Amino acid sequence: MAKIVCVLYDDPAAGYPTSYARDGIPTIDGYPGGQTAPSPKAIDFTPGALLGSVSGELGLREFLESQGHTLVVTSDKEGADSVLDRELPDADVVISQPFWPAYLTAERIANAPKLKLAITAGIGSDHVDLDAAIEHGMTVAEVTYSNSISVAEHVVMMILGLVRNYIPAYQTVLDGGWNIADCVARSYDLEGMHVGTVAAGRIGTAVLRRLAPFDVKLHYTDRHRLPESVERELGLTFHPSTADMVPHCDVVTINAPLHPETEGLFGDKLLGTMKRGSYLINTARARITDPDAIVRALESGQLAGYAGDVWYPQPAPADHPWRTMPHHGMTPHISGSSLSAQTRYAAGTREILESWLAGTPIRDEYLIVDGGQLAGAGAHSYSTRV
């Protein structure tokens, strides 16, 4: 029998919900490109419920315990005496979400001799040391595409929020004010702007498709060029590198995975090549930027705004400089954890567990590391240190 350790974020401050704003969510059967939505043999939860917090348990307890497996669920993941560290030595599987990541460092992996599978409930597995996972003979899997559209919607919302100066205008209402000049002094139309994405995978391409109706000029850079038919359809301009693209753009959105080639990419040098007063949106990973350089660019006016939901570390400390920097639109890491997305990635997590526990192959598109190497989606998106 297997021991599964599941690291999830805390329940709401007012307690686990007993009712919701809506009575249900739309059913999504598949994604652009033909990939089908998660298809476990069964689910033991109500679609649209809060599944990503501790009491939600990703809907896994009945399924696992009915087969004699052990499920440990906790939000305590930091420090040598955390529940995660105490439970790791005899764990077979670790599950966590990018929004509340269980950082599986090389040291933690070395202290978990039985660990065979790390599952990301969502997308983005950079919280796992992939080189160490390869060396340890682990499988790393994630629920590819399950919340890609959720993140893309969040990106578009943040672009509009920054460009239209929505957050300060909303704050004016909360404060009882009505100074229209204050609200519009930093407000512009997105129409006609040049918008570029760093990476045009599932999320990046979804962002481009959602922005096309705004009559903007679209740019992208990616290690894998999109088909010519897609470039024509969306009117895309391809650039061979991020450095080549950003000087042309009024808005840049980062939709790339974190790996050695992207870590620290947006520092003082690259930010200095962007148009003065441009906007930067990052729902990918915080370490793709230099956090202090972002603050300096906002304070100097090189950036007119920065928004995103990714921080390092997560959760962000109370004194993180991004909480108080000017002209930002930051949120906690929530873009891919809508109730709609939770239904899909909880189902996908169960699908992965069903396959692994039965000794049958995990979907190739879910794989990041397998068989001692990058595999599936991981081979397409990630690189290792060696």
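Keep in mind it's a predicted model, so treat the numbers as computed, not measured. Scope of the values below: all heavy atoms of this structure, side chains included, with no hydrogens, waters or symmetry mates.
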Query - Separation between OH of Tyr345 and CG of Leu51, rounded to the nearest 0.5 Å - result: 8.0 Å

Query raised in the report: Cut-off 3.5 Å, side chains only: do Asp76 and Ser82 have a donor facing an acceptor?
Result: no

Query raised in the report: Is Tyr170 isolated, or which residues cluster with it under the ILVMFWY side-chain rule of less than 4.5 Å, directly or via members?
Result: Tyr166, Ile167, Leu174

Query raised in the report: side chain to side chain donor-acceptor pair (under 3.5 Å) with Lys269: which residues, sequence neighbours excluded?
Result: none

Report task. Could you tell me whether the side chain of Leu303 reaches within less than 4.5 Å of the side chain of Ser278, counting heavy atoms only? Result -> yes

Requested in this report: Indicate if Tyr188 and Val156 have the same hydrophobic cluster label, given that clusters are the connected sets of ILVMFWY residues with side-chain heavy-atom separations under 4.5 angstrom.
Outcome: yes

Query raised in the report: Do Arg363 and Thr144 have side chains that get closer than 4.5 Å, going by heavy atoms?
Result: no

Query raised in the report: Taking the six-membered ring of Trp311 as reference, does the NZ or CZ atom of Arg323 fall below 6.0 Å from its centre and within a 45° cone about the axis?
Result: yes

**Report entry** Whether over 12 other heavy atoms sit under 6.0 Å from Gln67 CD
**Finding:** yes

Query raised in the report: Do any N or O atoms from the side chain of Asp215 and from the backbone of Gly192 form a donor-acceptor pair under 3.5 angstrom?
Result: no

Query raised in the report: Is it true that a side-chain atom of Tyr16 and a backbone atom of Leu50 form a donor plus acceptor pair closer than 3.5 Å?
Result: yes

Requested in this report: Measure from the side-chain N and O atoms of Thr262 to the backbone N and O of His259, and report whether any donor-acceptor pair falls under 3.5 Å.
Outcome: yes

Query raised in the report: Can a salt bridge be assigned to the pair Asp44 and Arg350 using a cut-off of 4.0 Å between side-chain N and carboxylate O?
Result: yes

Cut-off 3.5 Å, no hydrogens considered: what does the side-chain donor-acceptor table look like for residues 240-248, sequence neighbours left out?
{"from": "Ser241", "atom 1": "OG", "to": "Asp244", "atom 2": "N", "distance (Å)": "3.1"}
{"from": "Asp244", "atom 1": "OD2", "to": "His239", "atom 2": "ND1", "distance (Å)": "2.8"}
{"from": "His248", "atom 1": "NE2", "to": "Asp244", "atom 2": "O", "distance (Å)": "3.4"}

Query - Audit row: Val54, Thr74, side chain to side chain contact (heavy atoms under 4.5 Å, CB included) steps and yes/no - result: CA-CA 6 Å; Val54 170; Thr74 182; over 6 Å; no

Requested in this report: Could you tell me whether the side chain of Leu211 reaches within less than 4.5 Å of the side chain of Ile159, counting heavy atoms only?
Outcome: yes

Query raised in the report: Does the side chain of Leu367 reach to within under 4.5 Å of the side chain of Val140, using non-hydrogen atoms?
Result: no

Query raised in the report: Honestly curious: do Tyr103 and Val5 fall in one hydrophobic cluster under the side-chain, below-4.5 Å linking rule?
Result: no

Query raised in the report: Does a side-chain heavy-atom distance below 4.5 Å link Arg232 with Glu228?
Result: yes

Requested in this report: May I ask you to say whether Glu261 pairs ionically with Arg223, meaning some side-chain N is under 4.0 Å from a carboxylate O?
Outcome: yes

Report task. Flag the pair Glu263 and Arg287 as a salt bridge only when some basic side-chain nitrogen lies within less than 4.0 angstrom of an acidic carboxylate oxygen. Result -> yes

**Report entry** Presence of salt bridge, Asp189 and Arg164, under 4.0 angstrom
**Finding:** yes

Requested in this report: Without swapping roles, check the side chain of Gln342 against the backbone of Gly52 for a donor-acceptor pair under 3.5 Å.
Outcome: yes

Report task. State, yes or no, whether a side-chain contact exists between Ile254 and Thr289 at a heavy-atom distance under 4.5 Å. Result -> yes

Query raised in the report: Among Lys3, Lys114, Lys116, which residue meets the salt bridge (Lys or Arg N to Asp or Glu O under 4.0 Å) test with Asp90?
Result: Lys3

Query - Residue Glu65 excluded, over 12 heavy atoms near CD under 6.0 Å - result: yes

Query raised in the report: Would a 4.5 Å heavy-atom cut-off, applied to side chains only, mark Phe214 and Leu160 as touching?
Result: yes

**Report entry** Non-hydrogen side-chain atoms of Tyr220 and Arg225 separated by less than 4.5 Å
**Finding:** yes

Query raised in the report: Looking only at heavy atoms, which two atoms of Ile134 and Leu374 are closest? And how far apart?
Result: CD1-N, 4.1 Å

